[in-house]
K.L.:
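What follows is a structure written as structure tokens; I'll ask about it next.
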Amino acid sequence: MTAAATTTGSPADGALAVAAIVLSLLVAGWALVAALRHRPPDRLQLIGLAVLELLLLGLVLVTAVALAGGERPGEPGSFFGYLVTLVCLPPLAAVLARMEPTRWGSAIVCAVCLVTPVVVVRLQQTWEVLGG
Amino acid sequence: MAEPRSVRPRTNAGPGRLLIAVYLLFAIAASSRAALQIATRFDEAPLAYLLSALAAVVYIVAAVGLARAGHAGRRVALACCTLELVGVLGVGAFSLARPDLFPDETVWSGFGSGYGYIPLVLPVLGLAWLRHTRRQMAGAPS
């Protein structure tokens with residue numbers, strides 16, 4: 001965390017972001033297997049979503065530290081839009097998965113966990129436009 | 001395997017819930033994009049930004065229609081999916097034929113290429129799902 005705050009690059013570029021992307025893809029893969037096996041969302045998927053949410057909240061924290069340190073995103077509007085959307089995704093997946101205790105609940109978890117890495121990457125891009 | 005709710009197939013359960021989830025994601029993506037574009041640089045590409053806003057409204061209404069699942073909801077969803085398909089095909093074709101009209105991207109530009117072509121696939125899936133559940137509904141007493 002301290003490393004991310006001291007570098008001049010995007011705070012959304014650090015190990016936390018990489019971890020979030022990797023974990024999200026792992027959960028997506030696991031949920032896809034569950035969906036193909038006609039299994040409802042299991043405990044592992046929900047735990048994965050919870051850990052993912054913690055990583056994303058960590059990302060928000062790192063960003064807040066960078067903002068407090070005077071750094072600014074290249075496209076503030078888009079950046080904060082993506083940031084807010086990002087932290088809402090895992091809870092959305094969890095709520096919908098609980099509402100749908102069938103294979104389609106697992107499919108929802110898979111879909112949301114495929115979208116999350118895209119939003120993380122967009123977050124990184126919208127920070128870098130001006131600052132570089 | 002007799003599920004109690006299979007007596008009355010609905011648009012908001014099973015695969016339908018996945019569809020609603022994806023519609024929700026696109027509603028968020030399109031509406032935040034449109035809001036930002038219209039708020040910050042409307043003059044640059046008014047047509048593109050208004051189309052983004054239209055797409056956002058269509059996604060939201062379609063999600064609500066599918067989630068409501070009654071006869072009215074079904075009709076609303078049908079109208080939205082049709083409008084969406086026409087929109088993505090029309091805007092997609094126009095954005096390739098007359099790029100000068102679209103100096104900035106919309107959700108539907110290039111047949112939704114900026115969004116993995118999901119905007120093109122989504123209305124087709126929506127229509128197929130409505131058709132599928134209607135056939136089940138016709139068999140059951142309503």
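Order of the sequence lines fixes the chain letters, A, B, ..., with proteins taken first and strands second; residue numbering starts at 1 for each chain.
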K.L.:
Which value, rounded to the nearest 0.5 Å, describes the distance between Ile28(B) atom CD1 and Leu92(A) atom CG?
P.N.:
6.0 Å
K.L.:
Counting only heavy atoms not in Phe111(B), do more than 12 sit closer than 6.0 Å to its CZ atom?
P.N.:
yes
K.L.:
Using the rule that two of Ile, Leu, Val, Met, Phe, Trp, Tyr join whenever any of their side-chain heavy atoms come within less than 4.5 Å, decide whether Val33(A) and Leu46(A) are in one cluster.
P.N.:
no
K.L.:
Of all heavy-atom pairs between Gly77(A) and Leu36(B), which one has the smallest distance, and what is that distance?
P.N.:
CA-CD1, 3.6 Å
K.L.:
With rounding to the nearest 0.5 angstrom, report the CH2 to CG distance, Trp104(A) to Leu19(B).
P.N.:
10.0 Å
K.L.:
Are Val115(A) and Val22(B) packed together at the side-chain level, in the sense that at least one heavy-atom pair is separated by less than 4.5 angstrom?
P.N.:
no
K.L.:
With rounding to the nearest 0.5 angstrom, report the CG to CG distance, Leu25(B) to Leu89(A).
P.N.:
6.5 Å
K.L.:
Crowded around Trp129(B) CH2? As in, over 12 foreign heavy atoms under 6.0 Å?
P.N.:
yes
K.L.:
Above 12 or not: heavy atoms from other molecules or residues under 6.0 Å from CZ of Arg41(B)?
P.N.:
yes
K.L.:
Where on Leu18(B) is there a heavy atom nearer than 4.5 Å to chain A: the side chain, the backbone, both, or neither?
P.N.:
both
K.L.:
Any idea which heavy atoms bring Arg17(B) and Met99(A) closest together, and the distance?
P.N.:
NH2-O, 3.0 Å
K.L.:
Examine Val88(B) and Val57(B) and state if one hydrophobic cluster contains both, with Ile, Leu, Val, Met, Phe, Trp and Tyr joined whenever side-chain heavy atoms are less than 4.5 Å apart.
P.N.:
no
K.L.:
For Leu24(B), is it the side chain, the backbone, both, or neither that has a heavy atom closer than 4.5 Å to a heavy atom of chain A?
P.N.:
side chain
K.L.:
I'd like to know if Trp30(A) and Ile21(A) are part of one continuous hydrophobic network [Ile/Leu/Val/Met/Phe/Trp/Tyr, side-chain heavy atoms within less than 4.5 Å].
P.N.:
no
